[in-house]
There are 2 protein chains.
Amino acid sequence: MSHGALSEPDGDRLVEVLAALASPHRLRVLAALAGGRVYVSQLARDLGISRALLQVHLKKLEKAGLVTAHLELSEDGKALKFYEAAPFSLHLTPGSVAVAAATLSTTERT
Amino acid sequence: MSHGALSEPDGDRLVEVLAALASPHRLRVLAALAGGRVYVSQLARDLGISRALLQVHLKKLEKAGLVTAHLELSEDGKALKFYEAAPFSLHLTPGSVAVAAATLSTTERT
DNA sequence: TGCACCTGCCAAAAATAGTTGGCATGAGCC
DNA sequence: GGCTCATGCCAACTATTTTTGGCAGGTGCA
């Protein structure tokens with residue numbers, strides 16, 4: 001199965017996804033990728049931020065499953081790492097949040 | 001207008017809402033409130049966390065517009081602050097994110 | 001008055017997240 | 001070889017967020 005596009009993630013995963021989205025930089029990155037795949041250095045130039053900074057944000061987005069990466073060789077032999085937005089659909093309401101919260105694992109109980 | 005339930009928030013607001021949701025504690029708080037209004041001290045006991053901690057999280061949720069508060073006097077004169085979940089509906093997809101990102105205000109451009 | 005609740009606020013510590021700048025590697029190209 | 005462009009990674013900061021513990025004020029009640 002693996003529906004491919006998260007829609008009913010368990011609590012921990014939901015937190016991870018939301019945390020990944022809750023950042024201006026990452027929102028812009030995602031927006032840029034929504035327009036098509038781009039490789040890291042190019043993306044950094046497009047957004048006007050350093051590569052190091054971009055990498056950190058890309059990793060967080062990737063870990064959350066919001067973007068995917070493919071290493072490719074350009075015609076002239078350069079190794080380019082392309083990123084693209086993963087298709088996803090999340091519907092948040094008090095109810096869906098409550099459902100997800102019920103599956104949270106984090107440390108508790110005495 | 002003010003549709004009451006955010007659905008197409010501008011970028012900055014979206015980040016605020018997502019940040020408010022991206023936390024196990026706050027997800028649980030929201031879940032607890034989804035079941036009905038509760039006053040602060042009671043909620044803290046229900047969740048097993050300190051009042052001070054709960055207050056911080058409630059404030060963040062309130063600022064994001066995900067919960068609302070009403071101060072009320074109980075029959076026996078005690079002042080109780082009830083919180084309840086605000087109705088909201090957020091649909092997130094690469095596309096909706098891109099749209100929101102376009103309205104981000106944060107510091108940029110040379 | 002003393003106890004049991006409720007609320008609000010704060011300073012300080014602890015834990016995370018975000019940024020910067022630099023260095024190293026590998027592959028074309030003049 | 002020397003220059004360009006791509007990738008990856010890291011140590012060191014700075015900035016934010018999270019959490020703790022405590023104190024103060026108010027009300028009702030035995």
Side-chain angles (χ1 to χ4, degrees), chain A residues 12 15-30 33 37-64 66-84 104 106-110, chain B residues 12 15-30 37-64 66-84 104 106-108 110:
Chain A
D12 299 313
V15 169
E16 184 178 23
V17 171
L18 292 173
L21 291 172
S23 147
H25 274 154
R26 292 192 290 271
L27 237 41
R28 286 202 203 87
V29 168
L30 217 42
L33 295 179
R37 29 177 269 151
V38 188
Y39 64 90
V40 186
S41 290
Q42 183 57 49
L43 186 52
R45 282 188 294 265
D46 292 350
L47 298 173
I49 63 178
S50 74
R51 251 187 339 112
L53 180 55
L54 176 58
Q55 302 243 42
V56 173
H57 291 306
L58 280 174
K59 273 179 190 159
K60 197 154 191 172
L61 285 169
E62 186 175 18
K63 203 170 296 179
L66 298 173
V67 302
T68 55
H70 321 283
L71 195 58
E72 286 181 32
L73 293 185
S74 62
E75 299 177 8
D76 61 325
K78 295 274 174 55
L80 306 181
K81 187 165 190 179
F82 280 90
Y83 272 90
E84 63 183 318
L104 281 170
T106 14
T107 60
E108 54 215 315
R109 272 308 62 78
T110 39
Chain B
D12 299 312
V15 169
E16 184 178 22
V17 172
L18 292 173
L21 291 172
S23 146
H25 275 153
R26 291 190 291 271
L27 237 41
R28 286 202 203 89
V29 167
L30 217 43
R37 30 177 267 152
V38 188
Y39 64 90
V40 186
S41 290
Q42 182 57 51
L43 186 52
R45 281 188 295 264
D46 293 350
L47 299 173
I49 63 178
S50 75
R51 251 186 340 115
L53 180 55
L54 176 58
Q55 302 243 40
V56 174
H57 291 306
L58 280 173
K59 274 181 190 160
K60 198 154 191 171
L61 286 169
E62 185 175 19
K63 203 170 299 179
L66 298 173
V67 302
T68 55
H70 321 282
L71 194 59
E72 285 181 33
L73 293 184
S74 60
E75 299 177 8
D76 62 322
K78 296 273 173 58
L80 306 181
K81 188 165 190 179
F82 280 91
Y83 272 90
E84 64 184 317
L104 282 170
T106 15
T107 59
E108 56 214 315
T110 40

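Note on naming: letters A, B, ... go to the chains in the order of the sequence lines (proteins, then strands), and numbering restarts at 1 for each one.
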Between K60(B) and dT18(D), does any side-chain N or O lie under 4.0 Å from OP1 or OP2?
-> yes
Considering just the side-chain nitrogens and oxygens of K59(A), establish if one lies under 4.0 Å of OP1 or OP2 belonging to dC9(D).
-> yes
For K59(B), side-chain contact (heavy atoms from CB on, under 4.5 Å) partners two or more places apart | none
For dT18(D), does either OP1 or OP2 sit under 4.0 Å from a side-chain N or O belonging to R26(B)?
-> yes
What is the distance from atom CG of L47(A) to atom CD of Q42(A), rounded to the nearest 0.5 Å?
-> 10.0 Å
Of the nucleotides dT20(C), dG21(D), dA27(C), which has the atom closest to the A52(B) side chain?
-> dG21(D)
D46(A) atom CG is separated from dA6(D) atom P, nearest whole Å, by 11 Å
Residues L80(A), L71(A); criterion side chain to side chain contact (heavy atoms under 4.5 Å, CB included); working and verdict = CA-CA 6 Å; L80(A) 306 181; L71(A) 195 58; over 6 Å; no
Nearest-Å distance, CD (E16(A)) to C1' (dT16(C))?
-> 15 Å
Nearest listed nucleotide, side chain of Y39(B), among dT20(D), dT7(D), dC6(C) = dC6(C)
Closest to side chain of V40(A), choosing from dC10(C), dT7(D), dA27(C) | dT7(D)
Where the side chain of V56(A) is concerned, which of dT20(D), dC5(C), dT19(C) is the nearest nucleotide?
-> dT19(C)
Could you tell me whether the phosphate oxygens of dT17(D), OP1 or OP2, come under 4.0 Å of any side-chain nitrogen or oxygen in H57(B)?
-> no
Distance check: side-chain N/O of H25(B) vs OP1/OP2 of dT17(D), anything under 4.0 Å?
-> no
Taken to the nearest whole Å, CG/L71(A) to P/dT7(D) is 9 Å
Test log, rule side chain to side chain contact (heavy atoms under 4.5 Å, CB included), inputs R28(B) and H25(B) | CA-CA 5 Å; R28(B) 286 202 203 89; H25(B) 275 153; 3.6 Å; yes
Rounded to the nearest 0.5 Å, what's the gap from CG on L54(A) to CG on D46(A)? Could you check?
-> 10.0 Å
Which of dT20(D), dC6(C), dA6(D) is nearest the side chain of S50(B)? It is dT20(D)
Would you please confirm or rule out a distance under 4.0 Å between OP1 or OP2 of dG8(D) and any side-chain N or O of Q55(A)?
-> yes
Verdict with supporting geometry, E72(B) and R37(B), side chain to side chain contact (heavy atoms under 4.5 Å, CB included) | CA-CA 12 Å; E72(B) 285 181 33; R37(B) 30 177 267 152; 2.8 Å; yes
Within the structure, does a side-chain N or O atom of S23(A) lie under 4.0 Å from either OP1 or OP2 of dA17(C)?
-> no
Is the phosphate of dG8(C), meaning OP1 or OP2, less than 4.0 Å from a side-chain N or O of K81(B)?
-> yes
How long is the line joining CD of Q42(A) and P of dC5(D), in whole Å?
-> 12 Å
Nucleotide dG21(C), atom P - distance to CZ of R51(A) in whole Å = 14 Å
In whole angstroms, how far is the P atom of dG26(D) from the CG atom of D76(B)?
-> 18 Å
Between dA6(D) atom C1' and L73(A) atom CG, what is the distance in whole Å?
-> 11 Å
Axis deviation across the helix from dT1(C)-dA30(D) to dC30(C)-dG1(D), five-pair ends, to the nearest 10° = 10°
Looking at residues at least two apart in the chain, or sitting in another chain, which of them share a side-chain contact (heavy atoms from CB on, under 4.5 Å) with A69(B)?
-> E62(B), K81(B), Y83(B)
Check the pair H57(B), L53(B) against side chain to side chain contact (heavy atoms under 4.5 Å, CB included), reporting the backbone distance first and the verdict last.
-> CA-CA 7 Å; H57(B) 291 306; L53(B) 180 55; 3.4 Å; yes
Measure the distance from CG on L61(B) to C1' on dT17(D) and round it to the nearest whole Å.
-> 14 Å
